[in-house]
Amino acid sequence: MGLLDSWTPGSHTADGITHPTYRKGSGPGVVVIHEIPGITPAVIAFAEQVATRGFTVVLPSLFGREEAPATVRESLRSIARVCVSREFSLFALGRTSPVATWLRSLARELHAELDGPGVGAVGMCLTGGFALAMLAGAPVAAPVLAQPASPTPVGKARKADLGLSPGDLKSVKAKVAAGCQVLGLRYERDPAVGTRFDTLRRELGGNFIAVEFPGRKHATLTEHRQQEGIDRVLTFLDDKLKAASDHQPDQASRPSP
């Protein structure tokens, strides 16, 4: 039996681009965006925990082979695919990866179906910053950045860059200033993250919540999982998506337009 056999396969299309999706659970929506090399067994295990917690989880498949292990060979295969794709910007400064447009569309569709205060978005590694980019143009109420590693941390400027266009950064800062918190996780000496946490603290202030672990490992929620980190993510999603829903007036009590 495959690890995704209990998930409902589907797809989402935006601006002529289609990617497969996998869905499981019920409750508020959460988009879990896989890391390099793809939807690995460890990514699926994390997504299962989110679904079990009481969320509708959607796993988009952006690259890589579903259920393939996180080996060096699989990683190189995915990196080669990403490098030639127009959807990703691995080296550009001050630019939002085009795939963020597709992810925002997915989040809007999920929110339109499920309603509530918004959806959650969890990005990892290469896709870590995508959760922040989604906040700029989609109803994301719980953005989680796990070891954001894009753009590729080559040079001082790229190590600090958030992978956002100036307009998207302005939009993100406005939403954060209005009360939306952003959760970030990393190992303190992870070179892939560069100095982005310093940038996040500077740009987002007290509404950026940093969860940092000692060491030089990388994948906080998957291959080098920290249960404390997973617990913090689940609590964050509960607080932003479930607790907020409890305080929203129900349909019958809402005033007429």
Side-chain angles (χ1 to χ4, degrees), residues 1-70 74-75 77-90 96-116 118-144 146 150 221-222 237 241:
M1 180 177 179
L3 297 175
L4 290 170
D5 285 357
S6 61
W7 291 68
T8 301
S11 64
H12 180 74
T13 300
D15 292 338
I17 296 172
T18 300
H19 288 291
T21 61
Y22 296 88
R23 176 168 171 158
K24 190 172 190 176
S26 61
V30 178
V31 179
V32 174
I33 318 165
H34 62 80
E35 58 200 333
I36 293 286
I39 302 181
T40 64
V43 170
I44 297 169
F46 168 72
E48 292 272 7
Q49 285 191 270
V50 179
T52 300
R53 186 75 165 214
F55 294 98
T56 300
V57 178
V58 175
L59 269 171
S61 182
L62 302 179
F63 46 79
R65 297 189 304 134
E66 291 87 351
E67 302 185 15
E74 290 293 336
S75 296
R77 186 199 304 263
S78 291
I79 290 171
R81 156 80 166 79
V82 168
C83 284
V84 299
S85 172
R86 295 181 180 179
E87 291 187 86
F88 301 93
S89 302
L90 294 186
T96 303
S97 281
V99 73
T101 300
W102 186 92
L103 289 165
R104 291 166 182 166
S105 174
L106 177 64
R108 287 193 294 268
E109 180 179 84
L110 190 60
H111 180 248
E113 175 192 345
L114 301 175
D115 202 7
V119 301
V122 182
M124 311 175 190
C125 183
L126 166 69
T127 71
F130 294 175
L132 197 64
M134 290 169 70
L135 179 61
V140 171
V144 178
S150 182
L221 304 178
T222 55
L237 295 173
L241 303 179

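Here the structure is a predicted model, which means the values were calculated and not measured. Residues: numbered from 1 along the sequence shown.
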Heavy-atom closest contact ([X] atom, [Y] atom, distance):
{"X": "A51", "Y": "V57", "result": "N-CG2, 3.5 Å"}
{"X": "F88", "Y": "P98", "result": "N-CD, 4.3 Å"}
{"X": "A141", "Y": "G118", "result": "CB-CA, 4.0 Å"}
{"X": "L126", "Y": "S150", "result": "O-CB, 3.4 Å"}

Hey, is R23 close enough to E109 for a salt bridge, meaning N to O under 4.0 Å?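 No, this pair does not count.
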So, [X] side chain and [Y] main chain: donor-acceptor pair closer than 3.5 Å or not?
{"X": "S85", "Y": "E87", "answer": "yes"}
{"X": "T127", "Y": "I33", "answer": "yes"}
{"X": "T21", "Y": "P60", "answer": "no"}
{"X": "E67", "Y": "L4", "answer": "yes"}
{"X": "R65", "Y": "P37", "answer": "no"}
{"X": "H34", "Y": "L62", "answer": "yes"}
{"X": "H19", "Y": "H12", "answer": "no"}

Taking atom [atom1] of [X] and atom [atom2] of [Y], what is their separation to the nearest 0.5 Å?
{"X": "I79", "Y": "L90", "atom1": "CD1", "atom2": "CG", "value": "8.5 Å"}
{"X": "F130", "Y": "C125", "atom1": "CZ", "atom2": "SG", "value": "10.0 Å"}
{"X": "L241", "Y": "F55", "atom1": "CG", "atom2": "CZ", "value": "5.5 Å"}
{"X": "L106", "Y": "T13", "atom1": "CG", "atom2": "OG1", "value": "10.5 Å"}
{"X": "L59", "Y": "E66", "atom1": "CG", "atom2": "CD", "value": "9.5 Å"}

Test side chain to side chain contact (heavy atoms under 4.5 Å, CB included) on E35 and V43; report intermediate values, then the result. CA-CA 8 Å; E35 58 200 333; V43 170; 3.8 Å; yes
If you apply the rule side chain to side chain contact (heavy atoms under 4.5 Å, CB included), what do you find for M124 with V32, and how did you get there? CA-CA 9 Å; M124 311 175 190; V32 174; 3.8 Å; yes
L114 vs V119, test: side chain to side chain contact (heavy atoms under 4.5 Å, CB included). Steps then yes/no. CA-CA 9 Å; L114 301 175; V119 301; 5.9 Å; no
Verify the neighbour count for atom CG of D15: are there more than 12 heavy atoms of other residues, nucleotides or ligands below 6.0 Å?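 Check fails, neighbour count at 12 or below.
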What residues form a salt bridge (charged side-chain N to carboxylate O under 4.0 Å, His left out) with R108, not counting sequence neighbours?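 Partners of R108 by the salt bridge (charged side-chain N to carboxylate O under 4.0 Å, His left out) criterion come out as none, since no residue qualifies.
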Would F63 and R77 count as a side chain to side chain contact (heavy atoms under 4.5 Å, CB included) here? Give the steps. CA-CA 9 Å; F63 46 79; R77 186 199 304 263; over 6 Å; no
